[in-house]
Amino acid sequence: TNEVAFTTQPVLEIRDQDNNKVENSTATVTITSSPSGIGGTTSMPAVAGVADFIGKGVKLTGTKGAYTLTYASSPLGSDTQGITLLPGSADHLFVHQSAADAKSRATFGTQPIIEVRDISNNAVPASGLTIHASVEAGPTLSGTTEIAVDATSGRATFKNLKLQGLTSVGGYSVTYEATTGNLSSVSELLPLSAGAATQLSVSPTSFTATSGVVFDTTPVVTVKDADGNPVLDSTHTVHVAILPTGATIDGFADSRLNSGNGTTSFPSAKLTGTAKSYTLTYTTTGTSLAEATQTITLEAGAADHLTVVQ
């Protein structure tokens, strides 16, 4: 077992050509390994023809698999022994497969796989552990956030994980830790993009304008998801309507959203008509996106003529 002293420690006898133990030999025996990784006391002088490594903590540390131990004593030659190194005890967690393609409120396109490893990075099967996933303050992580480690592979494969919150290009820190024991946890940064488009948003929501004059404030319409994140790849067409009657709208021709930022604007928009409060409603055709409304207080324009009122 990796990083654990052999249950049976080596014992070497110094023998003559007829295979008799040489009782008076004090030759020193040295142990090496291929691949390298031998540890503990690796060199011992023989006593009464025996080099006894019992209690000397001889062990292997390294990648699991086949190793060859070589016992040598000059000028006597050497002998070899094959040994299979097994994974050691669980030491830390490792991200075998990173989570990816995270969109707000949608399950990750790629779910994370976390592996239990020993001190030499060997996967540790049959650890009996359960791995818990959590996220830093801000977004919400949901789905199956605790998964038992597979007894054969030593891996915990998460299912249905998703984040809900504001987008982050730099990413949110997702941490994986064992629910028991003292294993080192592991974290990864997961960028979060907008979820499915659900609504329109207009900015500003209200302002004052002068009749017949292009607005000082340009209306900007954005497609957003349920958490208020702009949906950058949206290409819907925005239509504008006005209530109540009393004014005409100009510069509000149907406008297609910019596929790069999910917005459109109306820089030449104006209202011409009776001075009072109006509501503009922004909608998209053929979609279920929630509409956006904007309140405009229309004031009288520049003096133009006289009218007899009495």
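For clarity, every value in this text was computed on a predicted model and none was experimentally measured.
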Practice problem: List the atom of Thr295, the atom of Ser277, and the distance in Å for their closest heavy-atom pair. | Solution: CG2-OG, 3.6 Å
Quiz prompt | Under 3.5 Å donor-acceptor, Ser211 side chain and Gly273 backbone | solution = yes
Exercise. Answer yes or no: is there a donor N or O on one side and an acceptor on the other, between the side chain of Glu299 and the main chain of Ala275, under 3.5 Å?
Key: no
Quiz prompt | Pair Thr61, Glu3: side-chain N/O donor-acceptor within cut-off below 3.5 Å | solution = yes
Quiz item: Are any side-chain N or O atoms of Ser104 and backbone N or O atoms of Ala194, one a donor and one an acceptor, separated by less than 3.5 Å?
Solution: no
Exercise. Evaluate the criterion side chain to side chain contact (heavy atoms under 4.5 Å, CB included) for residue pair Val50 and Glu13; output intermediate values, then yes/no.
Key: CA-CA 5 Å; Val50 178; Glu13 284 188 358; 4.1 Å; yes
Exercise. Measure the CD-CG distance between Glu115 and Asp150 for me, rounded to the nearest 0.5 Å.
Key: 11.0 Å
Quiz prompt | Of Ser185, Ser187, Ser134, the residue whose pairing with Thr175 passes side-chain hydrogen bond (donor to acceptor under 3.5 Å, both in side chains) | solution = Ser187
Quiz prompt | Flag if over 12 foreign heavy atoms under 6.0 Å of NZ, Lys159 | solution = no
Quiz item: Just wondering, do Val240 and Val221 contact through their side chains at under 4.5 Å, heavy atoms?
Solution: no
Exercise. First locate atom OH of Tyr176, then atom OG1 of Thr145, and finally report the distance between them rounded to the nearest 0.5 Å.
Key: 11.5 Å
Quiz item: Ignoring hydrogens and geometry, is there a side-chain-to-backbone donor-acceptor pair from Tyr278 to Gly246 under 3.5 Å?
Solution: yes
Quiz item: Would you say Pro219 and Leu280 make side-chain contact, with heavy atoms under 4.5 Å?
Solution: no
Quiz item: Is there a side-chain contact between Phe94 and Val186 (heavy atoms, below 4.5 Å)?
Solution: no
Exercise. Sort out for me which residue in Thr32, Leu60, Asp79 forms a side-chain contact (heavy atoms from CB on, under 4.5 Å) with Leu69.
Key: Leu60
Self-check item: Distance, nearest 0.5 Å, that separates NE2 of His132 from OG1 of Thr180
Solution: 13.0 Å
Quiz prompt | Closest non-hydrogen atom pair between Pro204 and Gln294, with its separation | solution = O-NE2, 2.6 Å
Self-check item: Atom of Leu163, atom of Tyr172 and distance for their closest heavy-atom approach
Solution: CD1-CD1, 4.5 Å
Quiz item: Any donor-acceptor pair under 3.5 Å linking the side chain of Asn2 with the backbone of Gly62?
Solution: yes
Quiz item: In Å and rounded to the nearest 0.5 Å, what is the OG1 to CG distance from Thr284 to Leu289?
Solution: 4.0 Å
Practice problem: Could you tell me whether a side-chain N or O of Asp91 sits under 3.5 Å from a main-chain N or O of Ser184, the two making a donor and an acceptor? | Solution: no
Quiz item: With ring centroids as reference points, do Phe53 and Phe6 lie under 6.0 angstrom apart?
Solution: no
Quiz item: Are Met44 and Leu76 connected, step by step, through hydrophobic side chains (Ile, Leu, Val, Met, Phe, Trp, Tyr) whose heavy atoms are closer than 4.5 Å?
Solution: yes
Quiz prompt | Test item: side-chain donor near acceptor, Asn122 and Ser120, under 3.5 Å | solution = no
Quiz item: So, do Pro191 and Val169 sit near enough that their side-chain heavy atoms are less than 4.5 Å apart?
Solution: no
Self-check item: Check: Gln111 main-chain N/O paired with Gln97 side-chain donor or acceptor under 3.5 Å
Solution: yes
Practice problem: Determine, using the 4.5 Å side-chain heavy-atom cutoff (strictly less than), whether Val95 and Val174 are members of one ILVMFWY cluster. | Solution: yes
Exercise. Say whether, by atom type as modelled, one donor and one acceptor occur between the side chain of Glu177 and the main chain of Ile131 under 3.5 angstrom.
Key: no
Self-check item: Beyond-backbone contact of Val238 with Leu257, side-chain heavy atoms, under 4.5 angstrom
Solution: yes
Quiz item: Within a radius of less than 6.0 Å around CG of Asp16, do more than 12 heavy atoms belonging to other residues, nucleotides or ligands occur?
Solution: yes
Exercise. Tell me, with the steps shown, if Ile38 and Tyr67 meet side chain to side chain contact (heavy atoms under 4.5 Å, CB included).
Key: CA-CA 10 Å; Ile38 197 71; Tyr67 285 73; over 6 Å; no
Quiz item: Is the Phe266 ring parallel, tilted or perpendicular to the Phe252 ring (thresholds 30°, 60°)?
Solution: tilted
Quiz prompt | Test item: Asp250 and Thr272 side chains (from C-beta on) under 4.5 Å apart, heavy atoms | solution = yes
Quiz item: Counting N and O atoms only, with roles assigned by atom type, does the side chain of Gln199 sit under 3.5 Å from a partner on the main chain of Ala292, one being a donor and the other an acceptor?
Solution: no
Self-check item: Single-linkage hydrophobic cluster Val220~Val231, side-chain heavy atoms < 4.5 angstrom
Solution: no
Self-check item: Inter-residue atom distance Phe158.CZ - Glu146.CD, 0.5 Å rounding
Solution: 8.0 Å
Quiz item: In terms of hydrophobic clustering (I, L, V, M, F, W, Y; side-chain heavy atoms under 4.5 Å; direct or indirect links), are Leu129 and Ile113 co-clustered?
Solution: no
Practice problem: Work out which heavy atom in Ser193 is nearest to a heavy atom in Thr167; give both atom names and the distance. | Solution: C-CG2, 3.4 Å
Quiz item: Within a strict 4.5 Å, meaning less than it, do heavy atoms of the Lys270 and Val213 side chains meet?
Solution: no
Exercise. State plainly whether one hydrophobic cluster holds both Ile54 and Ile14, where clusters connect Ile, Leu, Val, Met, Phe, Trp and Tyr through side-chain heavy atoms under 4.5 angstrom apart.
Key: no
Self-check item: Nearest heavy atoms of Pro112 and Ala99, plus distance in Å
Solution: CD-CB, 3.9 Å
Quiz item: What's the verdict on side chain to side chain contact (heavy atoms under 4.5 Å, CB included) for Thr293 and Glu291, showing C-alpha distance, side-chain angles and the deciding distance?
Solution: CA-CA 7 Å; Thr293 59; Glu291 64 185 29; 4.2 Å; yes
Quiz item: Do Thr263 and Pro230 touch side chain to side chain, with heavy atoms closer than 4.5 Å?
Solution: no
Quiz item: Just by modelled atom types, is the Gly88 backbone N or O under 3.5 Å from a matching donor or acceptor in the Asp118 side chain?
Solution: yes
Self-check item: Minimal non-hydrogen separation, Leu189 against Gly171, with atom names
Solution: CD2-O, 3.9 Å
Exercise. Go through Thr285 and Thr237 one step at a time and tell me if the side chain to side chain contact (heavy atoms under 4.5 Å, CB included) criterion holds.
Key: CA-CA 7 Å; Thr285 304; Thr237 297; 5.9 Å; no
Quiz prompt | Gap between atom OG1 of Thr1 and atom CG of Leu85 - 0.5 Å precision | solution = 7.5 Å
